[in-house]
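As structure tokens, the structure follows; a few thoughts come after it.
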Amino acid sequence: MELVEAFGERRSMKRLFALFACALFAPVAPAWASTYQAPPVAQLAAYPELSSFTLSPDGKHIAALKADGEERVIAVWRTDALNRAPTLIGSNRMKISGVSFIKNDRLAVSLWQPFDLRTEQVTRTFLNKLMITDLEGRNWNEPLPLPRAMSRSEELLQSRISPVVLDRLPNDPHSILVVNSIGAGAGDVYRVDLRNYSATRLQLTSENVAGYLTDLDGELRARLRTSVDSTGAFIAAEFRNPGTNAWEEHFRSYVKNRDQTQIIGFSSDPGIAFIQSNEGRDKSVIYEYDIANRQRTEILFEHAFFNASRVLVNPYRSAGEDFGSILGLGYEGPRGDDVEWTAPRMRALDAGLRQALGIENEPLQLVDPATSARAQIEYPLERNYRITGFTPDLETVLLTVSGPATPPEYYLFRDGQLSLLAKSYPRIDPAGFGKTELVYYAARDGLQIPAFLTRPDPRVCGDGPRPAIIHPHGGPWSRDVLDFDGSMWVPMLTSRCYVVLRPQFRGSDGWGRKLWMAGDSEWGQKMQDDKDDGARWLVDRGLAQPARIAMFGYSYGGYAAFAAAVRPNGFYKCAIAGAGVSDIGRIWSRFYTNPFFRQAQAPTVEGLSPLSQAANIQIPIMVYHGIRDQTVPIEQSQWFVARARQSAQPVEYHEIADYAHGPAWTRAIMAEQLNVIERYLETGCGGQGL
């Protein structure tokens, strides 16, 4: 069982700590520098040999996903017999995509497969399922059986959504709470008895309820509800009154202001809740809240440069006096989910683990986009660890070590001993993955833009300046983190000796309200200027060759690549657009069909629509899109390519079979995607490559 985070739903597959770091190189050139070979695409595209390690609540078993060519199986070990061959559990009907302990003897397993819905036209997507099995894989059950689909549209809905585990109920040996996601009862909450898979409905859903939150006893205590009033779209945070069972509103946050006041958990006293709020602030803080008296206490946690995000508590009643105690506090730092341990026992454990793993701090300068304030801190830049499971007594702990140049490694701390369980990619030499750092640069209007800069190892690639890639993230209400990039885009590019800059352009979430809101209605305009200013920054610092810069992005990043292709006087020799939006009007009219979403985000999505200027693209472009993409329809790329081919610039286009908006159905498809990117940068990009 992972540390329970007081931050919405508690799920063992949810990451507590995002991991980041940079590769550490000795000052003397090693022998491999002259013979180093970049990892081939086939290696980068393969499944990790072992991944998704999960620990049973009693600490007696570990499970993980084990690669078997195009398939993955579940491997289960006893923690007191790790030298013995594991029990292997496979599936002959659907592919296994995830595994997690929900009880000492029960595993929750995610599965998926392609699905074609044939109506007036064929809708190609994927079917997802959540199943529960024992430690031998003998008995498989659905937590909630799906109702029979009464129409083709219901069949399509069932293919996309499966029930969600709301609470694993760590103090109940037999039951879990599940939220139904299908049909007229979508949103209803059930208690499921895992001995016979009987389900008892605890909560009939209400319209526009966004989700429920339980206290440490597994009681439904809070929820979010969306609606619209005369002021605008809002999110209401509600508590259930234990005396009347009525849901009562305590906070109302208006989305147009980016106000966010959320109930993120409960203390051991169920009358005290933890509240995360950025009301009246640029960064979120956390405070305790007396529910009965509707009274806020003093701030529990705030960070000068990042949003406070969560409270980590011990969820086990068997922990005795430690039940419900605060172990640590989380914030959206460079890793996206950093933690400050506050409990003395956790501080001691943390210090011991860092020493045993050789994790050291280095100087890091921070800049606040809201105020331009600066500070230098000590931070583990090269690699760090996160706890993914622990027993109530903290005597058995499962952890992952990772960094931008360090693919995940898995360790078990047990009986005072630290053991390496597995490396996810032991056959890949990470020496060519370069060094990643958090940097800041000034946009043309003075706004400070955070960015992640990855530079190739000069012992492998030579001194700069080098060809460079501007690589914007998707979303755009999202962000990058200082972690290993499992998409393999950044590792592939840096191992091929490209400098990669990932700007956290205005409109990016997770860096404070000012940077987030600065992107409103600036698609292809100031948001795009931020990316161009990042390219100029690379050139000014001698890191990039001015005539050899490309833009590559996926989803919103694909939109940015389209925009780069049509904007005049750009910095780019060519662009690569994966699953990009080309017509912002049509994409948002498709998604925002209710009043809440129309007011919440649609007004922010204004600016340049690249399709309108596609016939006059300024640079060569390569476009690729998965035919099963139901997030950004493939027509968005088809429309752009058809018009772009009327220009004088070269246009390359690839449709990828059995690929949605990610992940890839097969390793061959994953390799196909990486190959088209690699080949275009090597030989395309208008000729002769980048």
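The structure displayed is predicted, hence computed values, not measured ones.
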Practice problem: Examine the side chains of Y331 and E340 and answer whether a donor and an acceptor come within less than 3.5 Å of each other. | Solution: no
Quiz item: Do L608 and Q528 touch side chain to side chain, with heavy atoms closer than 4.5 Å?
Solution: no
Self-check item: Neighbour count above 12 (heavy atom, 6.0 Å) for E360 CD
Solution: no
Self-check item: Heavy-atom side-chain proximity of D282 to D368 below 4.5 angstrom
Solution: yes
Practice problem: Establish, yes or no, whether a centroid distance under 6.0 Å links the rings of F251 and Y289. | Solution: yes
Self-check item: Modelled atom types, side-chain donor and acceptor of H625 and S637, under 3.5 Å
Solution: yes
Exercise. Please determine if R506 and D445 form a salt bridge, counting it only when a charged side-chain N lies under 4.0 Å from a carboxylate O.
Key: yes
Quiz prompt | Pairing residues for E238 by the salt bridge (Lys or Arg N to Asp or Glu O under 4.0 Å) criterion, not counting sequence neighbours | solution = R223, R225
Practice problem: For the residue pair D480 and Q504, confirm or rule out a side-chain donor-acceptor distance under 3.5 Å. | Solution: yes
Practice problem: May I ask you to decide if S110's main-chain N or O and S97's side chain share a donor-acceptor pair within less than 3.5 Å? | Solution: yes
Quiz prompt | Inter-residue atom distance F266.CZ - I272.CD1, 0.5 Å rounding | solution = 10.5 Å
Exercise. Could you check if a side-chain atom of V481 sits within less than 4.5 angstrom of a side-chain atom of D337, using non-hydrogen atoms only?
Key: no
Quiz item: Any side-chain heavy-atom pair from P430 and Y425 closer than 4.5 angstrom?
Solution: no
Quiz prompt | Spatial distance of atom CD1 (I235) from atom CD (Q260) [nearest 0.5 Å] | solution = 7.0 Å
Quiz prompt | Close side-chain approach of Q276 to R310, heavy-atom, < 4.5 Å | solution = no
Quiz item: Just wondering, do L366 and Y440 contact through their side chains at under 4.5 Å, heavy atoms?
Solution: yes
Quiz prompt | Cationic N near anionic O, under 4.0 Å, K256 to D520 | solution = no
Quiz prompt | Residues that D533 engages under salt bridge (Lys or Arg N to Asp or Glu O under 4.0 Å), provided they are two or more places apart | solution = R444, R536
Exercise. For residues F301 and G330, report the shortest heavy-atom separation together with the two atoms involved.
Key: CE2-O, 3.4 Å
Exercise. Count the heavy atoms belonging to other residues, nucleotides or ligands that lie under 6.0 Å from NZ of K526, then report whether that count exceeds 12.
Key: no
Self-check item: Heavy-atom side-chain proximity of R258 to W477 below 4.5 angstrom
Solution: yes
Practice problem: Check the side chains of N384 and Y379 for a donor-acceptor pair under 3.5 angstrom, ignoring hydrogens and angles. | Solution: no
Quiz item: Do I387 and W341 touch side chain to side chain, with heavy atoms closer than 4.5 Å?
Solution: yes
Self-check item: salt bridge (Lys or Arg N to Asp or Glu O under 4.0 Å) evaluation trace for R479 with E332
Solution: CA-CA 10 Å; R479 61 165 289 181; E332 297 176 351; 5.0 Å; no
Self-check item: Between Y556 and Y559, ring centroids under 6.0 Å
Solution: yes
Self-check item: F552 backbone acceptor or donor facing H471 side chain under 3.5 Å
Solution: yes
Practice problem: State plainly whether the residues D259 and R252 are in salt-bridge range, i.e. N to O under 4.0 Å. | Solution: no
Quiz item: Shortest non-hydrogen contact from P456 to Y498?
Solution: CG-O, 3.4 Å
Self-check item: F53 vs T400, side-chain contact (heavy atoms from CB on, under 4.5 Å): CA-CA, chis, key distance, verdict
Solution: CA-CA 9 Å; F53 277 81; T400 305; over 6 Å; no
